[in-house]
Number of protein chains: 2
Amino acid sequence: MASYHHGNLRETLLAQARKQLAEDGIDKLSLRALARAVGVSQTAPYRHFPDKNALLIALATSGFAELRQSLKTRAEACPDLDAALVEVGLAYVDFAKAHTALYKLMFGPALTQKDSYPQLHVSAESCLEELKALIQLKLNVPESDETLWYITINAAALIKGHTSMILEGNDNCNPATGEEFDLARALRIFLSMLP
Amino acid sequence: MASYHHGNLRETLLAQARKQLAEDGIDKLSLRALARAVGVSQTAPYRHFPDKNALLIALATSGFAELRQSLKTRAEACPDLDAALVEVGLAYVDFAKAHTALYKLMFGPALTQKDSYPQLHVSAESCLEELKALIQLKLNVPESDETLWYITINAAALIKGHTSMILEGNDNCNPATGEEFDLARALRIFLSMLP
DNA sequence: CGTTTGATGTTACCAACGTCAACATTGTTG
DNA sequence: CAACAATGTTGACGTTGGTAACATCAAACG
């Protein structure tokens, strides 16, 4: 007994989008396919999102929130600061591997006019803040310290770079053992250099 | 006096594609628009590329060749090894900033079935080889050395990570001075840690 | 309790795109 | 010169993002 009004189409669409994103990649993620899967007319999504990009933005924003939450909880489960810092890097990579399509959406060029969505920027930045907070504790400096941001950026770059190479399948494996290279090891060396 | 046959449509298409990619971004890069700009029918490109993806692959492949060439020449102009290694990082970032859309095409999800184009993989890998060769000279180890590849991967990750953050406009600027963070500085520190 | 109104969903439609099949034109080669 | 392969054109199909006009419902208000 389908009622004319869906009830919470917006959330349903986002959930289905996540599903299709994970299953079939971003190419197959069309508003029409989404509407079809949810059992609603082709143009119904436009009552909840001004255009496709807005839907993707919402998806990415929630992705950043999830990422931040994952970084936070995994860092908090660590016995000490150094372990937490390493763990943040591993959690980041794990997120990218577990939700590859979403990760690429979050950082890739599928989103346009990001500047028009300040909430997206805030969500993204909050992930960096998570890392920055840990490094601040490690360095024991005020938040305005000049090198704090610099070190944060470099740590983030190292993590993001490794993530990129892993996702690109860029032979980031030990040619001898075939194992994926140890980001944890690199991060520990990075930490050992901090004052 | 337009002759029926274009002559070298393939090259013209690629050149025009580069142009439109730089000017209007990848969204506006359609086969039809390309054909229109070149003054040829909509389906003419299919005589030279089996599908759009193949055109993009060719574009990306030439992009990797250019990138490699740039890394090489700029490194060779350096007085010593350390300077060359830093320069490679800067050249990489410069390429990404100068040809942003192309760079995103090369590494982004616009390309599909990369595995079906071994030439693309070779081109991409040759860029890494450029970096690896320098690091090998620096370390003075045989090419099969276990840590050589590890260090190369980490250097590449650092460079790629910085590039990502720059392209994302990720506040990778000194909050005090407003200047972009110094990748060169990070690379010099990286180098100072090598044995 | 009936009406009005705003939110939500539907139908019909448009332009653009990637792609294919069938056909036209050309340069080359036997 | 004739046959052929390469190249370019025409026309069409199905899909997509998006708009406009209309339909339906629920809640606010008299």
Side-chain angles (χ1 to χ4, degrees), chain A residues 1-21 23-60 101 105 108-114 116-117, chain B residues 1-21 23-60 101 105 108-114 116-117:
Chain A
M1 205 26 68
S3 65
Y4 188 90
H5 283 88
H6 182 282
N8 56 349
L9 181 54
R10 187 190 156 95
E11 299 308 315
T12 307
L13 282 173
L14 287 175
Q16 181 66 27
R18 275 292 291 270
K19 196 176 169 189
Q20 295 195 12
L21 191 58
E23 287 176 358
D24 302 327
I26 198 170
D27 311 320
K28 303 286 186 181
L29 186 59
S30 73
L31 282 188
R32 290 167 112 99
L34 223 49
R36 235 175 284 137
V38 171
V40 91
S41 85
Q42 298 177 339
T43 57
Y46 285 92
R47 297 295 141 189
H48 300 272
F49 303 95
D51 56 14
K52 184 183 182 182
N53 190 50
L55 186 275
L56 297 181
I57 293 276
L59 224 47
L105 172 65
L111 306 181
T112 60
Q113 289 158 333
K114 296 188 197 178
S116 306
Y117 300 87
Chain B
M1 206 29 62
S3 65
Y4 189 90
H5 282 88
H6 182 283
N8 55 349
L9 182 54
R10 187 190 155 95
E11 298 309 314
T12 308
L13 282 172
L14 286 174
Q16 181 66 26
R18 275 292 289 270
K19 196 176 170 189
Q20 296 195 12
L21 191 57
E23 286 175 0
D24 302 327
I26 196 168
D27 312 321
K28 303 287 185 180
L29 185 59
S30 72
L31 283 190
R32 287 166 113 101
L34 223 49
R36 235 176 286 137
V38 171
V40 92
S41 84
Q42 297 176 340
T43 56
Y46 285 91
R47 297 295 141 190
H48 300 271
F49 303 95
D51 55 15
K52 184 182 181 180
N53 189 52
L55 186 272
L56 296 182
I57 294 276
L59 224 48
L105 172 66
L111 305 181
T112 61
Q113 291 159 331
K114 297 188 199 178
S116 306
Y117 301 87

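Convention: sequence-line order gives letters A, B, ...; per-chain numbering from 1.
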Please check this pair: side chain of [X] against backbone of [Y], looking for a donor-acceptor N/O pair closer than 3.5 Å.
{"X": "B:Lys28", "Y": "B:Ala33", "value": "no"}
{"X": "B:Asn8", "Y": "B:Glu11", "value": "no"}
{"X": "B:Asn53", "Y": "B:Leu111", "value": "no"}
{"X": "A:Lys52", "Y": "A:Leu29", "value": "yes"}

### Message
For C:dA7 and A:His48 - does any side-chain N or O of the residue sit under 4.0 Å from the phosphate oxygens OP1/OP2?
### Response
no

### Task
Look at the side chain of B:Thr43 and the base of C:dT19, then say whether one donor and one acceptor between them are separated by less than 3.5 Å.
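Side chain to base: no pair present.
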
Length of the line joining [X]:[atom1] and [N]:[atom2], which is rounded to integer Å:
{"X": "A:Arg47", "N": "C:dG6", "atom1": "CZ", "atom2": "P", "result": "14 Å"}
{"X": "A:Asn8", "N": "D:dA26", "atom1": "CG", "atom2": "C1'", "result": "16 Å"}
{"X": "B:Glu11", "N": "D:dT7", "atom1": "CD", "atom2": "C1'", "result": "15 Å"}
{"X": "B:Leu34", "N": "C:dC17", "atom1": "CG", "atom2": "P", "result": "11 Å"}
{"X": "B:Asp27", "N": "C:dA16", "atom1": "CG", "atom2": "C1'", "result": "14 Å"}
{"X": "B:Leu56", "N": "C:dG18", "atom1": "CG", "atom2": "C1'", "result": "12 Å"}
{"X": "B:Leu29", "N": "C:dA16", "atom1": "CG", "atom2": "C1'", "result": "14 Å"}
{"X": "A:Lys52", "N": "D:dT19", "atom1": "NZ", "atom2": "P", "result": "15 Å"}

### Query
Which residue lies toward the 5' end of DNA chain D, B:Val40 or A:Ala33, if each is placed at its nearest nucleotide?
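Checking each residue's closest nucleotide, the 5'-ward one belongs to B:Val40.
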
### Task
Would you kindly compare B:Arg32 and B:Leu9 by the position of their nearest DNA chain D nucleotide and give the one closer to the 5′ end?
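Counting from the 5' end, the first nearest nucleotide belongs to B:Leu9.
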
### Nearest listed nucleotide, side chain of A:Gln42, among C:dC13, C:dT8, D:dT9
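The closest nucleotide is C:dC13.
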
### Query
Which nucleotide in the set C:dT10, C:dG18, D:dG17 lies at the smallest distance from any side-chain heavy atom of B:Tyr46?
C:dG18

### Query
For B:Gln42, which residues count as a side-chain hydrogen bond (donor to acceptor under 3.5 Å, both in side chains) partner, sequence neighbours excluded?
B:Arg32

### Message
Under 4.0 Å, heavy atoms only, any strand: does A:Arg36 hit a base, just the sugar-phosphate, or nothing?
### Response
sugar-phosphate

### Task
Looking at every strand, decide which applies to A:Ser41 at a 4.0 Å heavy-atom threshold: base, sugar-phosphate, or nothing.
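Here A:Ser41 touches the bases of the nucleic acid.
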
